[in-house]
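Below, chain A is the first sequence line, B the second, and so on; all start at residue 1. Note that these values count all heavy atoms, side chains included, but never hydrogens, waters or copies made by symmetry.
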Number of protein chains: 2
Amino acid sequence: MLDILYRCGQATAAEIHAGMQDPPSYSAVRALLRVLEEKGHIRHREKNLRYVYLPVVPREKASRSAVAHLLDTFFDGSAEQAVATLLDVSGSKLSDEDFERLSALIEKARKEGR
Amino acid sequence: MLDILYRCGQATAAEIHAGMQDPPSYSAVRALLRVLEEKGHIRHREKNLRYVYLPVVPREKASRSAVAHLLDTFFDGSAEQAVATLLDVSGSKLSDEDFERLSALIEKARKEGR
DNA sequence: GCATCGGTGCTAAATTTTTAGCAAGGTGCT
DNA sequence: AGCACCTTGCTAAAAATTTAGCACCGATGC
């Protein structure tokens, strides 16, 4: 559910329920949203009578945590291994300009890194 | 729990319990391991009378799924954005040789990509 | 105005998960 | 052998989650 919120930015209970791949009942989704809000993971705004939920931790910050976690879980903390499978996964979807930009990113990081 | 298994390769119930950051009871961990095994996510080997659990999906494959999911959830599918925060997270831990190797990886992928 | 359509808040029951604790059985030590 | 010690298998109760369904409220349309 949090993944859906991070993908969409914000969503109603119905949207979240629809977006799940193996969804429990709509009731369960509503109940869980209440729990997540209670625990401070999400909050809601009332937008013309509907609740629109959004994550409390901003996407940028959450993404950093997620990347760090992934690095730790699957790649022994190695950025190289991570980039290798990232390139593998992105596979043929990358254009020449994409490769340019990736190189530029690394070059930039190398210079700024010290 | 699966994260721990992927980090360690394999682990006993006690090790998994110890490795969790906000662990439920040992009983709950054992019960959940049974459920995960029932559902086919993990299996166990008996190593001198102890159950050693391991993931069914190999680390390599799981890591690819995880990267794809992360890309989708936080980076709109953009490898560049992902690499940018990856570099940001790895930050100053990267040596000059690391940068070399990263460049080489990208160069290699560019050539092989077509 | 009035009926209808959604969505929320709530309740209560069914189901699942979590918990503690016990017996059984193997290991290692004395 | 006898005795801790540890792990599994099991049970049963407690706690949490999941579920369906209802009343209420505002908006929409006739």
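For the side chain to side chain donor-acceptor pair (under 3.5 Å) criterion with His44(B), the lone passing option out of Gln10(B), Glu37(B), Arg50(B) is Glu37(B).
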**Asked** Could you walk me through whether Asp3(B) and His69(A) pass the side chain to side chain contact (heavy atoms under 4.5 Å, CB included) check?
**Response** CA-CA 9 Å; Asp3(B) 284 350; His69(A) 189 80; 2.6 Å; yes
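Taking atom CD on Glu46(A) and atom C1' on dG6(C), their separation rounds to 14 Å, with Å as the unit. Atom CD1 in Ile16(A) sits about 15 Å away from atom C1' in dT8(C), given to the nearest Å. Rounded to whole Å, atom C1' of dT8(C) lies 16 Å from atom NE2 of His17(A). Rounded to whole Å, atom P of dA24(C) lies 21 Å from atom CZ of Arg50(B). The interatomic distance linking Lys47(A) (NZ) with dG7(C) (P) rounds to 16 Å, in whole Å.
When DNA chain D is scanned in the 5' to 3' direction for atoms under 4.0 Å from non-hydrogen atoms of chain A, the outermost contacting nucleotides are dT18(D) to dA27(D).
On a pure distance criterion of 3.5 Å, no polar donor-acceptor pair joins the side chain of Arg30(A) and the base of dG6(C).
Residues Arg64(A) and Glu60(A) are paired through a salt bridge, judged by an N-O separation under 4.0 Å between the basic side chain and the carboxylate.
Annotation: side chain of Glu46(A) is in contact with side chain of Tyr51(A) (closest heavy-atom distance under 4.5 Å).
At dG21(C), none of the side-chain N or O atoms of Tyr26(B) fall inside 4.0 Å of OP1 or OP2 (strictly under the cut-off).
For Ala13(A) against Arg30(A), the heavy-atom pair with the smallest separation is CB-CG, 4.1 Å.
Taking CZ of Arg7(A) as the reference point, atom CZ of Phe74(B) lies at 10.0 Å (rounded to 0.5 Å).
Nearest nucleotide to the Ser25(B) side chain, out of dT8(C), dT18(C), dG7(C): dT18(C).
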